[in-house]
There are 2 protein chains.
Amino acid sequence: MDGVARRESSRSTTEPDIRRRARNLLVREGQEAVTLRAIAREMGITAPALYRYYSSREELLFRLSEDVCVDLSAELTASMRDGATQLDKVFAVCRGFRRWALEHPREFALVFATPTGAKAGEKTAPTERDAPGRPERHDELGRVFLRVAGPLMAEGVAESPPASLPDELRVGLADSQRDLAESFAAEGIEIPREALSAEAVYLLLRWWARLYGQVALEVFGQFPFDVSEAGRLFESMLVELATESGLR
Amino acid sequence: MDGVARRESSRSTTEPDIRRRARNLLVREGQEAVTLRAIAREMGITAPALYRYYSSREELLFRLSEDVCVDLSAELTASMRDGATQLDKVFAVCRGFRRWALEHPREFALVFATPTGAKAGEKTAPTERDAPGRPERHDELGRVFLRVAGPLMAEGVAESPPASLPDELRVGLADSQRDLAESFAAEGIEIPREALSAEAVYLLLRWWARLYGQVALEVFGQFPFDVSEAGRLFESMLVELATESGLR
DNA sequence: GGGCGAGGTAAACGCCGTTAACTCAAGGTT
DNA sequence: AACCTTGAGTTAACGGCGTTTACCTCGCCC
């Protein structure tokens, strides 16, 4: 109704506002409650106005998930500082990830359990520069894990046990080794060449698989019987993973 | 428009029909495409008619997820027969679970990654008899896992390694031990008392956590870099899990 | 033959995403 | 000063959605 008042608060201020409101809806009521009309309503605006900022609801959700990743990255980066040794840092990041996921289940579901539909990805992700072979979505977050994994790998190379790595897997992991090397390079993290062995990549994958798996299990409440000990189970998994990795 | 033709095909035939159509929509286009109006349209019926069968869309989705679990259970039960040794059976079930999940990602997402909302659970799950402390949703599926885990636990008890089980976890797992014992009893599976040690429960939880985790990771495409070796990684995880469990 | 219940209908309400045509003030150009 | 462009917003509308309400209409049973 009032063009003037809105005018001075131009794109630079209303766009973050949209995101903020959308985020609130996501947190409080879940993904499907993030509605163009609901956002507009909260802002005292009509829904079609939002199309000045996003080409569709889907794109808004995608941007939102990017925001979520940025926040999560910041949080994890912060927790990373908590550790003294490199292993402590890794633990801190893992715990931070779990805590965040449990505190933000809807955001977790949006980012980590939305079946990134085959065709859906193309039109919704106009990231400025998308180098192929990299984590397409949310590389911000990928960097955090690189920053914590890198030093660990560099350090762990000395005493890393051979780890039972099936031969056929070693072969197949070559591509991943290259990808990972590029990612580290792009991030300015220097890793000795030997540290990027197939074993190391395999180890990294296991860490991520178990971390993600256990957290998803917990967030989605898929424990077989009620497990009040989820926290301790998580801790136990961490030390297990560390000892399996030949760390400490 | 024609009440007569529909009449003779009464509840007993149209209800499965509804489920069938709904299932097709779920498989082909995902959860959010399972729409009362779409189902009705396909059946040559109007949407409100469906309220004679389900009190809401949400309940239909819940029933649907039950159906999915029944089918999955049947498939896993079938794959269970593939193994000679007990361990082989477990492997077969795990592989079956993974294969099924990859072939039915939408169903997997519905059943295993729908954030069973705190309040949502109450009204949508009027299961006939819901013993507390049991897997509230989809116990059919739980039984399959019991049937495959039971013998393994009974057999594994002899040489099971102590497994590094933190003391505080042992205490906390007592409830789970009781739950599990009841479940086995209810299922008519006899397990020697010593086989249900805290270590065994812990082992069981680890199996499920890693199985679920790795499968979810794969289904949701959350591998850090593209992993063409997912299948081999899975196999590797299985043998790792088995050796950690002191099996074979 | 009259009630009745099960399974269906049409109409409506209020949401939703999205499009199209519009207003209207700000700012720059001539 | 007059003019045009542009960007942020509007209103109106379309079709789809879940859901409720009132109604109909068979087949069945007493």
Side-chain angles (χ1 to χ4, degrees), chain A residues 1-22 24-26 28-65 110 114 117 119-120 123-124, chain B residues 1-22 24-26 28-65 110 114 117 119-120 123-124:
Chain A
M1 39 187 66
D2 182 3
V4 190
R6 287 247 142 257
R7 181 56 42 101
E8 69 222 14
S9 75
S10 67
R11 190 165 208 87
S12 61
T13 80
T14 73
E15 218 217 305
D17 199 21
I18 297 175
R19 302 271 255 268
R20 204 171 46 78
R21 315 268 191 173
N24 261 332
L25 285 169
L26 173 64
R28 293 200 319 260
E29 309 177 46
Q31 185 170 167
E32 65 279 6
V34 180
T35 275
L36 295 188
R37 291 189 129 104
I39 298 168
R41 216 177 299 130
E42 284 199 0
M43 295 177 62
I45 264 182
T46 62
L50 296 176
Y51 282 83
R52 297 279 165 200
Y53 300 89
Y54 308 95
S55 67
S56 70
R57 172 178 185 260
E58 206 179 351
E59 196 204 331
L60 188 151
L61 279 178
F62 180 77
R63 302 290 180 202
L64 202 52
S65 83
L110 175 64
T114 296
K119 302 157 194 170
K123 52 189 78 162
T124 64
Chain B
M1 38 187 66
D2 182 4
V4 190
R6 285 249 142 253
R7 181 57 41 102
E8 68 221 14
S9 73
S10 67
R11 192 165 206 88
S12 61
T13 81
T14 73
E15 218 218 305
D17 198 22
I18 297 176
R19 304 269 257 267
R20 203 172 45 79
R21 316 267 191 176
N24 262 332
L25 285 169
L26 173 64
R28 292 200 319 259
E29 310 177 47
Q31 185 170 167
E32 65 278 7
V34 180
T35 275
L36 295 188
R37 290 188 130 103
I39 297 169
R41 217 177 297 129
E42 285 199 0
M43 296 179 59
I45 263 182
T46 61
L50 295 175
Y51 282 82
R52 298 281 167 197
Y53 301 89
Y54 307 96
S55 67
S56 71
R57 173 177 185 260
E58 205 179 352
E59 196 204 332
L60 187 152
L61 281 177
F62 180 77
R63 300 294 179 195
L64 202 52
S65 83
L110 174 64
T114 296
K119 302 159 194 167
K123 52 189 79 163
T124 66

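Model, not experiment: these values are computed from the prediction.
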Undergrad: Using whole Å, what does the distance between atom P of nucleotide D:dG7 and atom CD of A:Glu15 come to?
TA: 15 Å
Undergrad: A:Arg57 and A:Val34: which non-hydrogen atoms are nearest, and at how many Å?
TA: NE-O, 2.8 Å
Undergrad: Compare side-chain N and O positions of B:Thr46 against OP1 and OP2 of C:dG8 and report whether any pair is under 4.0 Å apart.
TA: no
Undergrad: Summarise how protein sits on nucleotides 15-20 of chain D as a single string, 5' to 3': B when a protein heavy atom is under 4.0 Å from the base, S for sugar-phosphate-only contact, - for no contact.
TA: --BBBB
Undergrad: In whole angstroms, how far is the P atom of C:dG17 from the CG atom of A:Leu25?
TA: 11 Å
Undergrad: The criterion is salt bridge (Lys or Arg N to Asp or Glu O under 4.0 Å); which residues satisfy it with A:Arg19, sequence neighbours excluded?
TA: A:Glu15, A:Asp67
Undergrad: Would you check, one step at a time, whether the test side chain to side chain contact (heavy atoms under 4.5 Å, CB included) holds for B:Leu60 with B:Ile18?
TA: CA-CA 9 Å; B:Leu60 187 152; B:Ile18 297 176; 4.0 Å; yes
Undergrad: Take the protein atom CD1 of A:Ile45 and the nucleotide atom C1' of C:dT18, then report the distance between them rounded to whole Å.
TA: 17 Å
Undergrad: Please list all pairs meeting salt bridge (charged side-chain N to carboxylate O under 4.0 Å, His left out) that have one or both residues in residues 35-45 of chain B, counting only residues at least two apart or in different chains.
TA: B:Arg28-B:Glu42
Undergrad: Give a yes/no on whether any side-chain N or O of A:Arg11 is located under 4.0 angstrom from OP1 or OP2 of D:dA8.
TA: yes
Undergrad: What's the CG-P distance between A:Leu50 and C:dC16, to the nearest Å?
TA: 12 Å
Undergrad: Heavy-atom nearest nucleotide on DNA chain C for A:Ala33 versus A:Arg52: which residue maps closer to 5'?
TA: A:Ala33
Undergrad: Quick one: B:Met43 CE to C:dT9 C1', roughly how many Å, whole number?
TA: 15 Å
Undergrad: If I take atom OH in residue A:Tyr54 and atom P in nucleotide C:dT19, what distance separates them, rounded to the nearest angstrom?
TA: 17 Å
Undergrad: Write down the distance between CD1 (A:Ile39) and P (D:dG9), rounded to a whole number of angstrom.
TA: 14 Å
Undergrad: To check you understand the geometry: which heavy-atom pair defines the closest contact between B:Asp17 and B:Met43, and what is its length?
TA: OD2-CE, 3.7 Å
Undergrad: Would you say the side chains of A:Thr14 and A:Tyr53 form a donor-acceptor pair under 3.5 Å?
TA: yes
